[in-house]
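Report on one structure; see the data block that follows.
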Amino acid sequence: LFKCFSDADCGDGKFCSQSFCEHCFPCSLRNRHDGDKCARDEDGCGECFDGYETKVSFSIFLVFNFFLFVSGSSERL
């Protein structure tokens with residue numbers, strides 16, 4: 001492990017996290033394109049590959065529908 005102060009200290013394919021260089025998140029393992037820069041997690045990845053779509057977690061689904069219920073909207077996911 002290399003000590004670092006910024007992402008520039010780590011080189012290609014790595015980023016600085018808590019003073020140590022870490023490898024970028026492997027976006028292809030989640031069927032997604034690489035983002036504009038080194039992804040620290042899945043949120044840093046680009047769009048899904050053709051034929052794939054982002055999976056919405058059940059908890060997000062519940063929160064969204066609860067918000068719609070409280071706001072009086074008839075729209076549902």
Side-chain angles (χ1 to χ4, degrees):
L1 293 176
F2 290 104
K3 281 267 198 183
C4 59
F5 296 101
S6 71
D7 291 348
D9 297 332
C10 297
D12 290 339
K14 297 180 182 175
F15 65 95
C16 188
S17 175
Q18 299 178 348
S19 300
F20 290 98
C21 294
E22 300 281 342
H23 288 278
C24 300
F25 184 84
C27 296
S28 63
L29 293 179
R30 297 285 189 206
N31 300 310
R32 297 179 68 174
H33 295 282
D34 290 332
D36 293 333
K37 53 187 176 179
C38 180
R40 294 172 182 254
D41 53 33
E42 189 174 353
D43 291 337
C45 296
E47 296 293 318
C48 295
F49 292 158
D50 288 342
Y52 291 89
E53 59 186 45
T54 302
K55 182 178 179 181
V56 175
S57 73
F58 188 65
S59 59
I60 291 172
F61 172 80
L62 290 176
V63 169
F64 180 75
N65 279 303
F66 176 76
F67 172 76
L68 292 175
F69 174 76
V70 170
S71 68
S73 176
S74 61
E75 180 182 344
R76 297 284 188 265
L77 275 181

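Side-chain atoms are counted along with the backbone in the values below, which use heavy atoms only and exclude waters and symmetry mates. Note that the numbering runs from 1 along the sequence shown for the chain.
- The shortest side-chain heavy-atom distance between N31 and C48 does not fall under the 4.5 Å cut-off.
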Mind listing the side-chain donor-acceptor pairs of residues 14-21 below 3.5 Å, one per line with the distance, residues two or more places apart or on another chain?
none

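- Expressed to the nearest 0.5 Å, how far NZ of K37 lies from SG of C24 amounts to 11.0 Å.
- In D36, the CG atom is not crowded: 12 or fewer heavy atoms of neighbouring residues, nucleotides or ligands sit closer than 6.0 Å.
- Remark: E22 CD to D41 CG distance equals 12.0 Å, nearest 0.5 Å.
- Surrounding CD of E47 are at most 12 heavy atoms belonging to other residues, nucleotides or ligands under 6.0 Å away.
- The neighbour count for F49 CZ, taken as heavy atoms of other residues, nucleotides or ligands under 6.0 Å away, is above 12.
- In this structure, the side chains of R40 and F25 stay at 4.5 Å or more apart for every pair of heavy atoms.
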